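So the structure is just underneath, and the comments pick up after that.
Remember, predicted model here, so these are calculated numbers, not experimental data.
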Amino acid sequence: CSDQFSKATTMFAHNGVKDGTNKIRVKLCAAIHKGGTTYAVAKDTLSQAALREQPVLVADTIKWLQRHDRESGDLYGMLPLIHGMPVATTDHIDLSPDKAILQGRVGFINSWVFHNEEQSTWEHGIACLHNLPVVVFVKFPNATWVLDGLSGPDLYHIVPTTGKWYLDR
């Protein structure tokens, strides 16, 4: 095993294996924390310009939604939210020296705030949100900073983002 990959938590050759493994991890995490799973689901929409160019794109929705994250702006389609679930940042979040929340930093989901129009319901221990949460609070162990308005140290607010990605890869 090369040094480049020797400290990797997990590595997957294909998205299917990664997704299957992550589904199992989510179920285990929910069982360990004795709670359900709330899924924040992305909403992919076609621009009017894209539809004018290729009206058949709507019929191909299943195809383009199955693409690898790298081919869709590095945006995830679904994020499971479980209190205490470990997460790792996929981008640099805060470069300030006192926080240094850089790509790959591990934290734990502490809580989240629902959108004021959220009306999801629980079925068999699962809730799929109709709207992205307003904010997700992540706890970063051993951090000493306290953000204004938060109850304690080591909590950081992650706000869902939107992004554009292009169907022509």
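- With sequence neighbours excluded, the residues satisfying side chain to side chain contact (heavy atoms under 4.5 Å, CB included) with Ile93 are Thr89, Ile101, Tyr156, Ile158.
- Residues Pro133 and Leu81 have side chains in contact (heavy-atom distance under 4.5 Å, counting atoms from C-beta outward).
- A donor-acceptor contact shorter than 3.5 Å links the side chain of Arg105 to the backbone of Ala100.
- Hydrophobic clustering (ILVMFWY, side-chain heavy atoms < 4.5 Å, transitive): Leu28 and Val87 are in distinct clusters.
- No path of Ile, Leu, Val, Met, Phe, Trp and Tyr side chains, each step under 4.5 Å between heavy atoms, connects Val146 with Phe140, placing them in separate hydrophobic clusters.
- Between the side chain of His33 and the backbone N or O of Gly35, no donor-acceptor pair lies under 3.5 Å.
- Under the rule for a side chain to side chain contact (heavy atoms under 4.5 Å, CB included), the partners of Gln48 that lie at least two apart in sequence or sit in another chain are Leu51, Arg52.
- By the criterion of side-chain heavy atoms lying less than 4.5 angstrom apart, applied directly or through intervening Ile, Leu, Val, Met, Phe, Trp or Tyr residues, Val134 is grouped together with Tyr39 in one hydrophobic cluster.
- Partners of His83 according to the ring pair (Phe, Tyr, Trp, His ring centres under 6.0 Å) rule, which considers only residues two or more places apart in sequence or in another chain, are Trp112.
- For the side chain to side chain contact (heavy atoms under 4.5 Å, CB included) test, residues two or more places apart in sequence or in another chain that qualify with Glu118 are Phe114, Ser120, Leu129, His130, Asn131.
- In this structure, Lys99 has no salt bridge (Lys or Arg N to Asp or Glu O under 4.0 Å) partners at least two apart in sequence or on a different chain.
- No continuous path of ILVMFWY side-chain contacts below 4.5 Å connects Ile32 to Val26, so the two sit in separate hydrophobic clusters.
- Partners of His92 under the side chain to side chain contact (heavy atoms under 4.5 Å, CB included) rule, at least two apart in sequence or in another chain, are Leu95, Leu102, Gln103.
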